[in-house]
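What follows is a short report on a single structure.
All chains are named by letter (A, B, ...) in the order of the sequence lines, taking the proteins before the strands, and each is independently numbered beginning at 1.
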Amino acid sequence: MAGPPKTLAGAAHQVTQEQLVQYADASGDHNPLHVDAAFAAGTPYGRTIAHGMLVLAFLSAMLTHNFGMRWLTGGRLRVRFRAPVHPGDAVRSDGRLRAAPADAQEITYDVACWNQDGVQVISGEATIPQALL
Amino acid sequence: MDFSSLGPGAIVIDEELTVSQEAADVYLLAVGDAEALYAEHQVTPPMAIAALAMAAAMRAVELPPGAVHTGQELTFVRPVMPSTQFHCSARVGQNSVRRGTRFLTLQIQVTADGHSTVVGQASIAIPEEGAA
């Protein structure tokens with residue numbers, strides 16, 4: 001039987017300001033740092049930034065695509081938000097399998113999101129059960 | 001709510017939450033997730049549940065504009081169908097100040113029919129007023 005994939009690669013997501021507004025409406029997070037360009041211009045970021053949970057959703061989508069219901073039933077994520085994502089950025093997710101004994105009940109990946117300049121914007125780990133719980 | 005006065009264990013939110021099929025679809029569109037699995041298995045995307053719960057908790061503590069979401073932990077315990085009614089609670093984990101920055105953690109628990117659905121913890125850094 002084939003083991004778990006050693007590497008994961010998610011789709012590229014081009015972040016737009018329209019998407020930040022859509023996400024704010026969908027999640028209820030209307031922090032002006034994400035949706036008000038004039039406000040954001042007066043912050044250290046200089047312009048709006050994406051919600052951390054939006055970028056994290058790109059990572060989770062990659063895990064859903066690769067592991068399906070196993071991810072949605074017992075998956076665990078632990079991440080740090082390392083750099084802001086701005087409208088216009090292209091974000092890509094990936095993952096690398098840690099050592100996984102054949103009899104392990106769960107597998108763990110080092111996961112990350114990167115922008116178009118190769119800057120790591122999220123890093124962390126994702127753990128997936130080997131079988132549906 | 002004055003977040004600076006909240007000690008560990010303080011309850012931030014304790015409320016009911018429902019994610020309709022329409023709300024789930026709006027969420028999936030916003031994040032660009034076209035995965036067919038949710039519809040095939042009739043499950044609410046757990047990231048949508050987590051996003052709504054986290055946003056509710058962050059609104060409740062009235063974070064200042066300079067607050068930065070620095071870390072996130074999530075566990076998807078049990079999938080649920082769209083339009084399930086959830087109970088969502090959030091408590092303060094840590095709330096301390098070091099070198100001019102307040103470090104606040106919010107612990108989220110979402111349950112449905114008494115069963116845990118999504119568990120998470122958000123880490124937030126807040127510059128203290130007057131800090132260099």
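- Looking at B:Leu52, both its backbone and its side chain come within 4.5 Å of chain A, counting heavy atoms on both sides.
- The greatest number of non-hydrogen atom pairs below 4.5 Å with chain B, out of A:Gly68, A:Gly75, A:Pro32, is found for A:Gly75.
- Within the 4.5 Å cutoff, side-chain heavy atoms of A:Ile128 are placed close to those of A:Tyr109.
- Counting heavy-atom neighbours within 6.0 Å of A:Glu18 CD, excluding the residue itself, gives a total of 12 or less.
- The aromatic rings of A:His13 and A:Phe58 sit parallel to each other, their planes meeting at less than 30°, with 60° as the upper class boundary.
- Of the atoms belonging to B:His69, heavy atoms from both backbone and side chain fall under 4.5 Å from chain A.
- Each of B:Asp33, B:Thr117, B:Thr70 has some count of heavy-atom pairs under 4.5 Å with chain A, and the biggest count is that of B:Thr70.
- Interface remark: B:Val19 contributes no atoms to any contact with chain A (heavy atom separation under 4.5 Å).
- Counting heavy-atom pairs closer than 4.5 Å to chain B, the top residue among A:His30, A:His51, A:Gln22, A:Arg80 is A:Arg80.
- Of all the listed residues (A:Gly52, A:Ala126, A:Ser60), the one sharing the greatest number of non-hydrogen pairs under 4.5 Å with chain B is A:Ser60.
- If you measure heavy-atom distances from B:Glu35 to chain A, the contacts under 4.5 Å come from the side chain alone.
- Looking at A:Ser27, both its backbone and its side chain come within 4.5 Å of chain B, counting heavy atoms on both sides.
- In this structure, the portions of A:His65 lying under 4.5 Å from any heavy atom of chain B include both its backbone and its side chain.
- Using modelled atom types, one finds a donor on one side chain and an acceptor on the other under 3.5 Å when comparing A:Asp94 with A:Trp114.
- Side chains of A:Phe67 and A:Ile107 form a contact here, defined as non-hydrogen atoms less than 4.5 Å apart.
- Annotation: side chain of A:Lys6 is not in contact with side chain of A:Arg96 (no heavy-atom distance under 4.5 Å).
- Looking only at atom types and distance, the side chain of A:Ser123 has a donor-acceptor partner in the side chain of A:Arg82 under 3.5 Å away.
- For A:Leu72, the parts sitting under 4.5 Å from any heavy atom of chain B are the backbone and the side chain alike.
- Each of B:Leu6, B:Ile13, B:Ile124 was evaluated against B:Leu106; a single residue qualifies, B:Ile124, per the side-chain contact (heavy atoms from CB on, under 4.5 Å) test.
- Both the backbone and the side chain of B:Ala50 come within less than 4.5 Å of a heavy atom in chain A.
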